[in-house]
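Structure first, then comments.
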Amino acid sequence: MAIRPYIPGEVEPRVQERWARENAFRAEEKAGVEKFYCLSMLPYPSGALHMGHVRNYTIGDVISRYHRMRGRNVLQPMGWDAFGLPAENAAIKHRTAPARWTYSNIEHMRGQLQRLGFAYDWSREVTTCRPEYYRWEQQMFTRLMRLGLAYRRDAEVNWDPVDQTVLANEQVVDGRGWRSGAPVERKSIPQWFLKITDYAEELLQGLDELEGWPESVKTMQRNWIGRSEGAEFEMAVCDRDGVTDPAGRAIRVFTTRPDTSFGMTYAVLAPEHPLVTEVTSDGQREAVESFVEQARRATEEDRLAVEGSLEKRGVFTGAYLLNPFTQQPVPLYLADYVLMGYGTGAIMAVPGQDQRDWDFAECHGLPIIRTVAPPDGWEGEAYLQDGPAINSEWLDGLQVVEAKERATQWLVDQGLGERKVNYRLRDWGVSRQRYWGCPIPVIYCKDCGAVPVPDEDLPVVLPEDVSFMGVQSPIKADPDWRRTTCPECGAAAERETDTFDTFMESSWYYARYCCPDADAQLDERADYWLPIDQYVGGIEHAILHLMYFRFYHKLMRDAGMVEADEPATRLLCQGMVVADTFYRDDEDGHQQWINPADVEVERDARGKPVGAQLRADGQAVQFGGVEKMSKSKNNGVDPQRLVEKFGADTVRLFSVSDSPPHQSLEWSESGVEGSSRFLRRLWSQVMAHVETGAGEPLDAAALNGEQREIRRLVHDTIAKVSDDISRRYTFNTAIAAVMELCNHLSRFDGRDGPSRAVLQEAWLAVVRLLAPITPHVCEELWSELGGEGPLYAAAWPEADEAARERSRVTLVVQVNGKLRARLEVEPGATKEEAFEQAKAIENVQRHLDGKSIRKVILVPDRLLNIVVG
RNA sequence: GCGAAAGUGGCGGAAUUGGUAGACGCGCUGGAUUUAGGAUCCAGUGGGGCAACCCGUGGGAGUUCGAGUCUCCCCUUUCGCACCA
């Protein structure tokens with residue numbers, strides 16, 4: 001009897017054709033059915049899928065298919081984050097248009113995704129560079145302009161003086177332009193911002209409700225928002241004797257430690273503070289101007305070099321401020337450790353209770369006063385913990401919390417200041433001086449200023465048929481595109497030529513999938529599907545994307561487009577895909593990285609690696625450790641090659657079998673071969689079973705002990721796999737459990753009717769348990785087994801609790817916590833019964849011999865521990 | 001510096017509520033099959049003794065009848081933030 005061989009290259013296309021023919025994964029809004037929206041972060045169409053994509057999308061697909069089998073109405077869409085810088089770079093390099101390059105990449109990658117058999121509803125595909133998508137984003141922006149939630153102000157960019165263009169941060173390499181090599185300058189130009197800071201408090205509070213989000217992501221977002229409570233107050237400018245400035249000038253400072261104000265020994269302005277010139281004395285003017293200039297020119301590297309170090313640069317302004325608590329003057333300095341962008345750009349300095357102030361005071365010979373008593377034996381440096389206040393008149397003796405409260409209240413009562421909450425979070429700068437992005441829908445008129453493009457004139461379409469002249473954005477270079485008329489007064493006017501940050505498109509695509517053809521940004525279908533029940537993506541998006549997307553969702557909520565407060569209830573961040581790296585040193589001492597697929601590893605008799613050679617020449621190569629797959633380390637693996645060699649199911653299986661989703665996955669060719677081997681074995685076992693026959697209908701009551709044991713294993717496995725997939729997200733242990741079951745089934749070869757029935761039930765279960773992970777081979781085996789209907793629509797198996805009951809259980813017998821024997825007992829055996837039987841075991845007896853029994857502990861049905869002394 | 005996570009065989013990892021450490025897979029060893037290689041199948045595989053038994057989850061202490069799991073101290077690694085007053 002010849003069993004049909006397993007050929008993934010034939011099975012998979014056949015099964016995929018069926019899915020397509022039957023519209024298997026088309027999602028429709030259905031009343032009365034529990035919906036499940038499962039979303040994987042959409043890819044940038046860079047040209048080809050990499051292993052990170054494959055892993056991400058396999059995880060999402062496993063969850064989707066599981067919930068579909070559980071009877072939920074599942075939506076799993078896919079789309080393209082199609083705007084972005086790489087398309088411009090490719091356009092310059094290959095002399096093509098970014099749009100053409102992008103669309104052709106999308107074609108190719110869509111084919112790759114389809115070859116992997118992901119259960120997407122392709123009818124909802126969204127491509128963010130299409131005007132029918134971005135017009136709604138433009139409309140949202142003009143609405144935000146009218147609400148004052150979008151505004152324009154000057155902000156710094158990286159300016160390449162040779163190419164005469166703005167550079168993205170990633171285009172700045174070692175402080176130089178990536179193409180010109182010229183030192184990058186800081187330049188201030190007007191740019192658009194979204195007022196995310198208005199939502200800072202809600203974005204922070206909302207995290208507490210997101211129980212299905214990883215704690216690490218929430219912590220990162222909390223830190224990023226960086227809420228701190230304190231007080232803001234004014235200090236009058238004065239001379240060294242404390243005589244206040246006749247012009248009545250004052251400096252506002254923010255502090256989280258108003259309780260330490262009596263320890264203020266100086267104050268500091270950021271170099272960019274607007275009052276610097278005004279307050280600087282003539283004697284200090286030269287020194288101050290040179291310091292400001294030096295700070296202005298400081299590059300990112302300069303900043304990093306001194307950040308956090310003891311070196312604190314600064315200069316005296318010649319002015320003093322009057323400490324309202326003591327009525328004493330303190331010298332006013334300029335220092336670059338104070339940032340203009342946070343608080344008021346000015347601080348009171350308390351070296352005794354702040355390490356940065358301490359370092360500055362040490363550098364500049366300023367006095368240090370402690371206002372919180374450190375514990376005995378405290379040596380040097382600022383003291384930041386709790387303790388009783390000292391040297392602080394009416395605060396003395398109070399603990400920090402109480403002292404803060406009193407000091408703040410005093411400022412309020414005196415009319416000098418108020419309570420203040422500051423956030424580290426900054427408004428979101430959305431202007432990019434790039435071509436391949438969504439045009440910012442604004443018209444500049446000499447008389448009317450910045451005018452939003454009226455809804456009826458949207459979208460402002462980005463021309464796609466362009467050629468790059470050098471590096472300049474084609475729409476900036478094209479006066480015809482810019483030229484327009486003012487929507488308000490009709491006078492000649494110019495369009496904005498900047499485009500949006502691409503995070504804008506990825507901030508709302510998830511909602512557009514719900515109604516991709518709506519003649520509005522969203523329609524009522526959005527509220528059917530939202531919020532997302534499961535979002536899957538990389539941890540690298542923990543802060544920016546996941547913050548912007550929460551923010552944008554709240555903007556849409558406040559515009560009445562959606563009801564939910566948060567876009568996604570559960571979030572899973574998958575780990576990186578990593579691989580071995582190998583290299584050789586060339587003559588110049590540079591490392592030549594060699595792809596692991598071309599390397600043969602040599603091992604000793606224990607299996608321990610002892611060396612590695614390049615297959616091509618048999619010569620040794622060096623092991624460079626395990627690293628994230630990357631071009632620079634040449635350790636990437638092309639999923640396309642793997643799919644061609646092993647089939648989609650094997651690639652999918654391996655990408656979730658070797659570690660839990662949130663951990664990094666170590667790629668290994670032999671691991672992939674192991675996955676392939678398992679599927680081939682599964683195939684031949686099921687086919688052999690089908691050949692032998694399914695037997696009679698299952699009669700659970702008529703089974704013998706061995707058959708019952710197999711059934712018990714089957715139903716235990718069903719329970720475990722269900723829990724692993726739905727609650728724990730540990731697909732690796734789910735797969736291990738199924739493999740273990742298959743190993744048992746292969747050893748059980750009953751030919752009688754009841755045995756066949758038990759096996760039939762078992763294989764039908766196995767095929768369904770694996771269906772979310774390896775859907776093609778399972779679909780085929782399901783139909784071979786005579787399963788009813790298509791597997792993608794089959795019901796998830798239920799664990800039969802009666803079948804899981806045991807007639808005997810194995811107790812572990814310990815003496816003083818050490819394993820000495822195993823004991824078969826009735827389930828529910830009492831301590832006394834178990835102890836009596838255990839005493840009879842020789843090996844137990846030997847350890848009890850001559851000793852008195854102190855205590856006997858029973859963990860029912862698991863363990864008996866006899867404590868002797 | 002601050003914050004978070006982690007450290008278990010030769011390797012990836014398992015042990016879910018404090019209860020048999022090493023599931024499952026890879027690698028390795030031996031055998032079968034094969035003209036051979038590959039593939040496949042069977043058996044073994046933490047270390048030391050090769051028997052009883054002892055040792056073993058980064059290191060050290062502690063709690064407990066019992067600790068990979070809990071507490072404290074230390075070491076290491078990864079990630080995030082990084083002068084945010």
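To find a chain, count down the sequence lines: A is the first, B the second, and so on, and within it residues start at 1. As a basis for the values below, the full set of heavy atoms in this structure was taken, side chains included, without hydrogen atoms, waters or symmetry mates.
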Within the pair [X] and [N], is there a side-chain N or O less than 4.0 Å away from OP1 or OP2?
X        : N     : answer
A:Thr810 : B:U20 : no
A:Asn743 : B:G25 : yes
A:Gln814 : B:G19 : no
A:Arg728 : B:A15 : yes

Remember a base hit wins even if backbone is also touched, and classify [X] as base, sugar-phosphate or nothing at under 4.0 Å, heavy atoms.
X        : answer
A:Glu215 : nothing
A:Thr255 : sugar-phosphate
A:His847 : sugar-phosphate
A:Asn843 : sugar-phosphate
A:Arg222 : nothing
A:Gly674 : sugar-phosphate
A:Ser675 : nothing
A:Val812 : base
A:Val338 : base

Counting heavy atoms from C-beta on, name the nucleotide in [options] closest to the side chain of [X].
X        : options             : result
A:Phe254 : B:C81, B:G13, B:A85 : B:A85
A:Arg862 : B:C55, B:G19, B:A82 : B:G19
A:Thr256 : B:A85, B:G19, B:A14 : B:A85
A:Arg727 : B:G66, B:A4, B:U16  : B:U16
A:Pro660 : B:C65, B:A85, B:G13 : B:G13
A:Pro609 : B:G10, B:G12, B:A23 : B:G10

[X] vs [Y] aromatic rings, parallel, tilted or perpendicular, using cut-offs 30° and 60°?
X        : Y        : result
A:Tyr266 : A:Phe360 : parallel
A:Phe262 : A:Phe325 : perpendicular
A:Tyr729 : A:Phe731 : perpendicular
A:Phe254 : A:Tyr342 : perpendicular

[options] screened by side-chain contact (heavy atoms from CB on, under 4.5 Å) with [X], the one that passes:
X        : options                      : result
A:Ile347 : A:Thr255, A:Leu269, A:Asp357 : A:Asp357
A:Trp358 : A:Gln353, A:Lys312, A:Glu381 : A:Glu381
A:Leu713 : A:Ile718, A:Leu741, A:Leu745 : A:Leu741

Using whole Å, what does the distance between atom [atom2] of nucleotide [N] and atom [atom1] of [X] come to?
X        : N     : atom1 : atom2 : answer
A:Arg820 : B:G66 : CZ    : C1'   : 14 Å
A:Ile543 : B:C81 : CD1   : C1'   : 7 Å
A:Leu425 : B:G80 : CG    : P     : 19 Å
A:Lys720 : B:C24 : NZ    : C1'   : 10 Å
A:Tyr423 : B:C81 : OH    : P     : 21 Å
A:Arg424 : B:A85 : CZ    : P     : 10 Å
A:Asn732 : B:A14 : CG    : P     : 5 Å
A:Phe731 : B:A14 : CZ    : P     : 14 Å

Using both distances under 3.5 Å as the test, list the Watson-Crick or G-U wobble partner of [N], or none.
N     : result
B:G9  : none
B:C53 : B:G48
B:U20 : none
B:G3  : B:C79
B:U35 : none
B:G30 : B:C42
B:U71 : B:A61

>> Distance criterion of 3.5 Å, no angle test: do you see the side chain of A:Arg822 paired donor-to-acceptor with the base of B:U20?
In response: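 By the distance-only test, yes, there is a pair.
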Rounded to whole angstrom, note down the [atom1] distance from [N] over to [M].
N     : M     : atom1 : value
B:G9  : B:G48 : C1'   : 15 Å
B:G18 : B:C11 : P     : 28 Å
B:U69 : B:U8  : P     : 13 Å
B:C24 : B:G62 : P     : 36 Å
B:G68 : B:A21 : C1'   : 7 Å
B:A14 : B:G22 : C1'   : 7 Å
B:A43 : B:U33 : C1'   : 15 Å
B:A23 : B:U16 : C1'   : 13 Å

>> I want to know whether A:Phe646 and A:Phe654 have ring centres closer than 6.0 Å.
In response: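 For A:Phe646 and A:Phe654, the ring centres are not under 6.0 Å apart.
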>> With nearest nucleotide decided by heavy atoms, which residue, A:Asp357 or A:Lys608, maps closer to the 5′ end of RNA chain B?
In response: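 Result: A:Lys608.
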> Which sits closer to the 5' end of RNA chain B, A:Gly345 or A:Glu740, going by the nucleotide each is nearest to?
Replying inline: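 Mapping each residue to its closest nucleotide by heavy atoms, the 5'-most match is A:Glu740.
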> Do A:Arg222 and A:Glu215 pass the salt bridge (Lys or Arg N to Asp or Glu O under 4.0 Å) test, and can you show the C-alpha distance, the side-chain angles, and the key distance before you say yes or no?
Replying inline: CA-CA 10 Å; A:Arg222 281 192 192 100; A:Glu215 212 45 57; 3.7 Å; yes
> Is the closest basic N to carboxylate O distance between A:Asp604 and A:Lys608 below 4.0 Å?
Replying inline: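 No, no charged N to carboxylate O under 4.0 Å.
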Sort me out a list of protein N/O and nucleotides 38-40 of chain B N/O pairs below 3.5 Å, or just none if empty.
from  : atom 1 : to       : atom 2 : distance (Å)
B:U40 : OP1    : A:Arg677 : NE     : 3.2
B:U40 : OP1    : A:Arg680 : NH2    : 2.9

> Is the number of heavy atoms from other residues, nucleotides or ligands under 6.0 Å of A:Arg419 CZ greater than 12?
Replying inline: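 Result for CZ/A:Arg419: enclosed.
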>> Main chain of A:Ser261, side chain of A:Asn323: is a donor-acceptor contact present, judged purely on distance under 3.5 Å?
In response: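 Such a contact is found between A:Asn323 side chain and A:Ser261 backbone.
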> Which way is the base of B:G9 turned, syn or anti, if we draw the line at 90° from 0?
Replying inline: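 That one's syn.
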